[in-house]
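When reading the values below, keep in mind they use all heavy atoms of this one structure, side chains included, and skip hydrogens, waters and symmetry mates. Along the sequence shown, residues carry numbers from 1. The model shown is predicted, which means the values in this text are computed figures rather than measured ones.
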Amino acid sequence: MNKNQKTGLLALVGAGIAGGLAYWKYKTMSPAEKAKLKGRVNEAGNKIKETAGDINKSISEKYTELKKTAS
(Lines give C-alpha, C1' and ligand atoms only; values in the text may rest on other atoms or scores of the structure.)
Protein backbone atom coordinates (compact mmCIF):
# COMPACT_ATOMS: atom_id res chain seq x y z
CA MET A 1 0.00 0.00 0.00
CA ASN A 2 1.57 3.30 -1.05
CA LYS A 3 1.41 6.63 0.76
CA ASN A 4 -1.49 7.99 -1.32
CA GLN A 5 -3.61 4.91 -0.61
CA LYS A 6 -2.92 5.16 3.11
CA THR A 7 -3.78 8.83 3.13
CA GLY A 8 -6.99 8.18 1.21
CA LEU A 9 -7.95 5.35 3.54
CA LEU A 10 -7.32 7.51 6.61
CA ALA A 11 -9.39 10.32 5.10
CA LEU A 12 -12.23 7.89 4.39
CA VAL A 13 -12.15 6.51 7.94
CA GLY A 14 -12.04 10.06 9.34
CA ALA A 15 -15.01 11.10 7.22
CA GLY A 16 -16.93 8.05 8.40
CA ILE A 17 -16.22 8.84 12.04
CA ALA A 18 -17.14 12.51 11.56
CA GLY A 19 -20.36 11.50 9.82
CA GLY A 20 -21.26 9.14 12.63
CA LEU A 21 -20.63 11.81 15.25
CA ALA A 22 -22.67 14.34 13.30
CA TYR A 23 -25.56 11.86 13.02
CA TRP A 24 -25.43 11.14 16.74
CA LYS A 25 -25.32 14.86 17.56
CA TYR A 26 -28.32 15.53 15.29
CA LYS A 27 -30.33 12.70 16.85
CA THR A 28 -29.72 14.10 20.35
CA MET A 29 -30.73 17.66 19.42
CA SER A 30 -33.97 19.16 20.64
CA PRO A 31 -36.64 19.98 18.03
CA ALA A 32 -35.84 23.70 18.40
CA GLU A 33 -32.15 23.07 17.71
CA LYS A 34 -33.05 20.93 14.69
CA ALA A 35 -35.24 23.73 13.32
CA LYS A 36 -32.45 26.26 13.85
CA LEU A 37 -29.96 23.99 12.06
CA LYS A 38 -32.39 23.44 9.19
CA GLY A 39 -32.80 27.20 8.83
CA ARG A 40 -29.03 27.70 8.71
CA VAL A 41 -28.62 24.96 6.11
CA ASN A 42 -31.41 26.40 3.95
CA GLU A 43 -29.90 29.88 4.22
CA ALA A 44 -26.48 28.56 3.17
CA GLY A 45 -28.08 26.70 0.25
CA ASN A 46 -29.85 29.83 -0.92
CA LYS A 47 -26.60 31.82 -0.76
CA ILE A 48 -24.83 29.14 -2.80
CA LYS A 49 -27.61 29.17 -5.42
CA GLU A 50 -27.48 32.96 -5.60
CA THR A 51 -23.70 32.98 -5.97
CA ALA A 52 -23.82 30.29 -8.67
CA GLY A 53 -26.43 32.32 -10.55
CA ASP A 54 -24.29 35.45 -10.31
CA ILE A 55 -21.24 33.55 -11.58
CA ASN A 56 -23.23 32.06 -14.45
CA LYS A 57 -24.55 35.49 -15.41
CA SER A 58 -21.06 36.98 -15.25
CA ILE A 59 -19.57 34.24 -17.41
CA SER A 60 -22.37 34.61 -19.96
CA GLU A 61 -21.80 38.36 -20.14
CA LYS A 62 -18.03 37.92 -20.57
CA TYR A 63 -18.59 35.29 -23.27
CA THR A 64 -20.97 37.57 -25.16
CA GLU A 65 -18.50 40.46 -24.83
CA LEU A 66 -15.62 38.33 -26.13
CA LYS A 67 -17.78 37.05 -28.97
CA LYS A 68 -18.54 40.63 -30.05
CA THR A 69 -14.88 41.60 -29.78
CA ALA A 70 -13.79 38.62 -31.90
CA SER A 71 -16.28 39.49 -34.67
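Rounded to the nearest 0.5 angstrom, T7 OG1 and L12 CG are separated by 12.5 Å. Separation of atoms CD (E65) and OG1 (T69) is listed at 5.5 Å; rounding is to 0.5 Å.
Criterion: ILVMFWY side-chain heavy atoms under 4.5 Å apart, direct or through other members. Under it, L37 and W24 are not part of a common hydrophobic cluster. Cluster annotation: V41 is connected to Y26 through the hydrophobic network of ILVMFWY side chains, with a link wherever side-chain heavy atoms come within less than 4.5 Å.
Side chain of T64 to backbone of S60: a donor-acceptor contact under 3.5 angstrom is found. A donor-acceptor pair is defined here as one N or O able to donate and one able to accept, closer than 3.5 Å; no such pair exists between the side chain of E61 and the backbone of S58.
Side-chain contact between N2 and Q5 is present, with at least one heavy-atom pair separated by less than 4.5 Å.
M29 approaches K34 most closely through the heavy-atom pair O-CE, 3.7 Å.
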